[in-house]
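Written below as structure tokens is the structure these notes are about.
Residue numbers count from 1 along this sequence. These numbers come from the heavy atoms of this one structure, side chains and all, not from hydrogens, waters or symmetry mates. In each ligand, atom 1 is the first atom listed, and ligand 1 is the first ligand listed.
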Amino acid sequence: MTRILQGVLEFQRRIFAEKKELFEELGKGQKPLALFITCADSRISPDLLAQTQPGELFHLRNAGNIVPPYGIVSGGEDATIEFAVHYLRVRDIILCGHAKCGAIHGLLHPENLGTLPAVGRWVEHSRGLLQRLKPGSDDEQLQQAIELNVVTQLEHLRTHPAVKTALEARTLRMHGWVYDFERGKVTVYDPLKNQFVPLAESIRDKMLRDAGRDQGPRSEWETRA
Ligand SMILES: [Zn+2]
């Protein structure tokens, strides 16, 4: 705890003074760039990853970056998504899984969740992905499951009325990412290829598609909206 308290004192002494104008501006309200949904895992720091400031990302975090289908649990997920999309009108949702996710490991190995019944119940929302798993080593299957979980949660997001409405109005885009914190790498789900590609490749592909939009196919998320 001492480490954390020292951190707060340092923030108050130095960082707050340096960014005083930013914090005053935030007092007027928030207009975040995106809703960032990721795991509660301590190794993931969205603002560090995206180099964003307070006020730029609206966060939703839980074990396994899981978004249950709308209305089936009375947790905070439905409310947080509704607030971000319907009220704050974020234009993007980033659903970001990560390498070595303990929650997804637990889904694959329920025998390890004996003393964690709440975690066991929570990861049940991702159980459907197990049917799509291909054979492989433990590590390969974990990586596959982490990616499939992101795709599953993007599908669940579409059941949320605020998301569905905004997608239909083309005022919202969804992005599925996997962050490998050991290597600093991000891969992005490409619905047209139905696979994850490196972030730089995803940006290049998007620019090419946008350039040829009049002739080329639209992205799957748009056509499915
Ligand atoms: Zn995790």
Q: Using the six-membered ring wherever Trp is involved, compare the ring planes of Trp177 and Phe36 and label them parallel, tilted or perpendicular (cut-offs 30° and 60°).
A: perpendicular

(Q) Can you tell whether the side chains of Glu124 and Arg127 come within less than 4.0 Å, N to carboxylate O? (A) yes

**Q.** Side-chain heavy atoms of Gln153 within contact of Ile66, under 4.5 Å
**A.** yes

(Q) Strictly under 2.8 Å, how many protein N, O or S atoms lie near the Zn ion (ligand 1)? Waters don't count. (A) 3

Q.
Test: salt bridge (charged side-chain N to carboxylate O under 4.0 Å, His left out). Region: residues 58-85. Which pairs qualify, not counting sequence neighbours?
A. none

**Q.** For Lys19, all residues meeting side-chain contact (heavy atoms from CB on, under 4.5 Å), sequence neighbours excluded
**A.** Ile15, Leu22, Phe23, Gln53

(Q) The criterion is side-chain contact (heavy atoms from CB on, under 4.5 Å); which residues satisfy it with Pro161, sequence neighbours excluded? (A) Tyr70

